[in-house]
Amino acid sequence: MKKLTAKKISGLMAASLALFVTQASAGTLDDVKARGHINCGVSEGVPGFSNPNSDGVWSGLDVDMCRAVSAAIFGESDKIKFVPLASKQKILAVVTGQVDLTSRTTTWTMKRDTKEGVDFTTIVFYDGQGFMTRKDLGVSSAKELDGATVCVTSGTTTELNLADFARANSLNFEPVVFEGKKEAVNAYRSGRCDALTTDNSQLASFRTTMPDPSAHVLLPEIISKEPLSPLVKHGDNQWKDLVTWTINGLITAEELGVTQKNVSDLGEAQRNNPTVQRMLGASGEYGSYIGLENDWMVKAITAVGNYGEIFDRNLGKDSPLNLPRGTNALWQDGGLMYVAPLR
């Protein structure tokens with residue numbers, strides 16, 4: 001048997017690496033480009049996150065994440081087919097290839113990240129599970145709901161958290177379980193349940209859809225951590241990187257004061273900022289790292305704005321929900337929004 005020389009080993013390793021890089025670069029992005037649009041999984045309707053209007057036009061924070069990815073790839077934010085998904089479908093749809101990514105109020109958990117065939121990208125909203133009840137029920141705490149019926153969606157972290165909270169506080173809830181969030185909300189609206197439990201931001205959203213929003217209250221307890229993140233199929237590193245760094249770029253843009261209005265006409269001081277130069281494609285070849293043109297973030301920010309603009313428009317001060325930034329403020333403003341450096 002012939003011994004391999006160091007030169008031959010080096011050559012084989014180089015060939016193997018080249019093959020690996022070629023295989024890794026082929027995948028979802030190629031499929032998306034060939035198809036001409038992204039298939040984006042969204043909710044069945046949660047105002048502020050993903051919700052269609054009477055003309056079928058989708059809007060919301062989760063929707064804008066998909067629009068940013070579309071703009072980064074195609075230069076246009078509407079190269080998307082939105083696919084409404086029930087709670088039980090949101091992961092399966094990614095794994096089976098029905099959608100290219102799910103941007104749908106989905107909590108990043110260990111089991112989902114390691115056992116269910118998906119990869120999470122960047123946290124876009126820090127939330128926590130709460131309870132909504134009717135004001136005339138006369139309760140001021142979730143711990144006063146002993147014996148109450150609670151509407152909840154099956155197959156979710158919400159259902160598990162409800163059981164954990166009841167056990168930890170020696171409460172007896174009567175869960176009324178539904179396949180989809182829409183059904184759970186409608187059941188609560190009709191009076192079938194004493195309370196509705198889900199992410200607190202969604203409760204605030206659903207309260208605005210009630211016939212008399214003032215007749216409903218959000219109880220003070222937050223019983224879980226719910227970091228919400230878009231997710232993609234496990235194994236396609238390039239596609240995961242593309243989605244991750246597009247969202248990271250939106251958050252970085254807010255940090256640097258790069259907005260939808262000024263992205264194409266920044267002043268000299270900002271243009272001279274090395275991070276701004278990298279983000280806008282004036283320095284380095286960062287777009288090529290994820291298979292895109294170097295101005296991929298210019299296209300994304302032009303289409304949807306930076307993270308702060310997206311938040312304000314859909315959930316914050318410029319929206320009917322008027323939610324405070326709170327934990328979703330930038331890190332330098334006391335919040336948790338902190339992403340890896342673009343360099």
Side-chain angles (χ1 to χ4, degrees), residues 42-43 45-51 59-65 68 103-109 120-133 135 139-143 156-158 161-162 164-165 181 185 195-210 213-214 216-231 244 247-260 301 304-340:
V42 290
S43 74
V46 178
F49 286 93
S50 52
N51 199 46
S59 65
L61 182 140
D62 287 333
V63 167
D64 280 343
M65 297 303 151
S103 186
R104 184 205 178 284
T105 55
T106 304
T107 302
W108 189 335
T109 69
F120 288 83
T121 54
T122 294
I123 296 168
V124 297
F125 195 89
Y126 289 92
D127 212 341
Q129 186 173 329
F131 294 84
M132 179 165 64
T133 66
K135 188 178 292 185
V139 301
S140 59
S141 167
K143 295 179 181 179
T156 61
T157 56
T158 307
N161 293 336
L162 179 65
D164 287 348
F165 180 73
K181 190 72 59 65
V185 173
L196 172 68
T197 185
T198 188
D199 295 349
N200 218 44
S201 63
Q202 293 185 47
L203 293 176
S205 172
F206 292 137
R207 182 167 60 176
T208 67
T209 70
M210 299 294 159
S214 66
H216 304 267
V217 295
L218 271 61
L219 300 179
E221 286 84 1
I222 301 298
I223 67 171
S224 69
K225 295 186 295 183
E226 306 293 334
L228 309 180
S229 169
L231 56 137
T244 297
I247 298 172
N248 284 357
L250 299 176
I251 297 169
T252 302
E254 184 185 7
E255 291 181 3
L256 298 171
V258 180
T259 69
Q260 191 173 34
I301 297 166
V304 299
N306 64 38
Y307 177 82
E309 292 175 290
I310 293 169
F311 185 100
D312 288 343
R313 179 170 65 246
N314 294 298
L315 298 170
K317 62 182 181 180
D318 300 327
S319 78
L321 296 179
N322 195 27
L323 295 180
R325 285 290 292 267
T327 53
N328 293 293
L330 294 177
W331 61 278
Q332 64 261 47
D333 298 327
L336 296 178
M337 279 296 163
Y338 183 106
V339 294

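Taking CG of Leu61 as the start and CG of Asn51 as the end, the distance is 13.5 Å to the nearest 0.5 Å. Ile247 CD1 to Asp64 CG: the interatomic distance, rounded to the nearest 0.5 Å, is 11.0 Å. Going from atom CD of Glu255 over to atom CG of Asn306 covers 10.0 Å, rounded to the nearest 0.5 Å. Within the model, atoms OG1 of Thr197 and CD1 of Ile223 stand 5.0 Å from one another, a figure rounded to the nearest 0.5 Å. One distance of note links CD of Gln129 with CD of Gln202; it measures 10.0 Å at 0.5 Å rounding. Rounding to the nearest 0.5 angstrom, the gap separating the CG atom in Asn314 from the CG atom in Asp62 is 9.0 Å.
Side chain of Thr121 to main chain of Leu231: no donor-acceptor pair is present (N/O by atom type, distance under 3.5 Å, no hydrogens or angles). The main-chain N or O of Gly308 is found under 3.5 Å from a side-chain atom of Glu254 such that the two form a donor-acceptor pair. Of the possible donor and acceptor atoms, none in the side chain of Thr327 sits under 3.5 Å from a partner among the backbone N and O of Leu336. Between the side chain of Tyr307 and the backbone N or O of Val124 there is at least one donor-acceptor pair closer than 3.5 Å.
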Report the C-alpha separation of Val42 and Met65 in whole Å, then their side-chain angles, then the decisive distance to 0.1 Å, and conclude whether the side chain to side chain contact (heavy atoms under 4.5 Å, CB included) test is met.
CA-CA 11 Å; Val42 290; Met65 297 303 151; over 6 Å; no
Report the C-alpha distance between Val46 and Phe206 in whole Å, list the side-chain angles of each, state the deciding distance to 0.1 Å, and finish with yes or no for side chain to side chain contact (heavy atoms under 4.5 Å, CB included). CA-CA 7 Å; Val46 178; Phe206 292 137; 3.9 Å; yes
For Thr157 and Trp108, run side chain to side chain contact (heavy atoms under 4.5 Å, CB included): C-alpha distance rounded to whole Å, both residues' side-chain angles, the deciding distance at 0.1 Å, then the answer.
-> CA-CA 10 Å; Thr157 56; Trp108 189 335; over 6 Å; no
- request: I would like to know whether Ile251 and Leu330 meet side chain to side chain contact (heavy atoms under 4.5 Å, CB included); could you show each step before the answer?
  value: CA-CA 8 Å; Ile251 297 169; Leu330 294 177; 4.0 Å; yes
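Closest non-hydrogen pair, Ser140 versus Pro220, comes out as O-CD, 3.2 Å. Heavy atoms only, all atoms of each residue included: Ala142 and Glu221 are closest at N-OE1, 2.9 Å. Here the closest heavy-atom approach between residue Pro47 and residue Thr209 is recorded as CG-CG2, 4.0 Å. Across all non-hydrogen atoms, the minimal contact from Val217 to Lys135 is CG1-CE, 3.8 Å. Thr198 and Thr158 make their closest contact through CA-CG2, 3.8 Å (heavy atoms, listed as atom of the first residue, atom of the second, distance). Closest of all the heavy-atom pairs between Gln260 and Val304 is NE2-N, 3.8 Å.
When each of Asn161, Thr109, Thr105, Thr106 is checked for a side chain to side chain donor-acceptor pair (under 3.5 Å) with Glu226, only Asn161 meets the rule.
The side-chain heavy atoms of Ser201 and Phe49, taken from C-beta on, include a pair separated by under 4.5 Å. In this structure, Phe120 and Thr107 have side chains that are not in contact, with every pair of non-hydrogen atoms separated by 4.5 Å or more. The closest side-chain heavy-atom distance from Leu228 to Ile123 is not below 4.5 Å.
Between Phe125 and Phe311, the two ring planes are parallel [angle under 30°; tilted spans 30° to 60°].
No side-chain donor-acceptor contact under 3.5 Å links Lys181 and Ser43.
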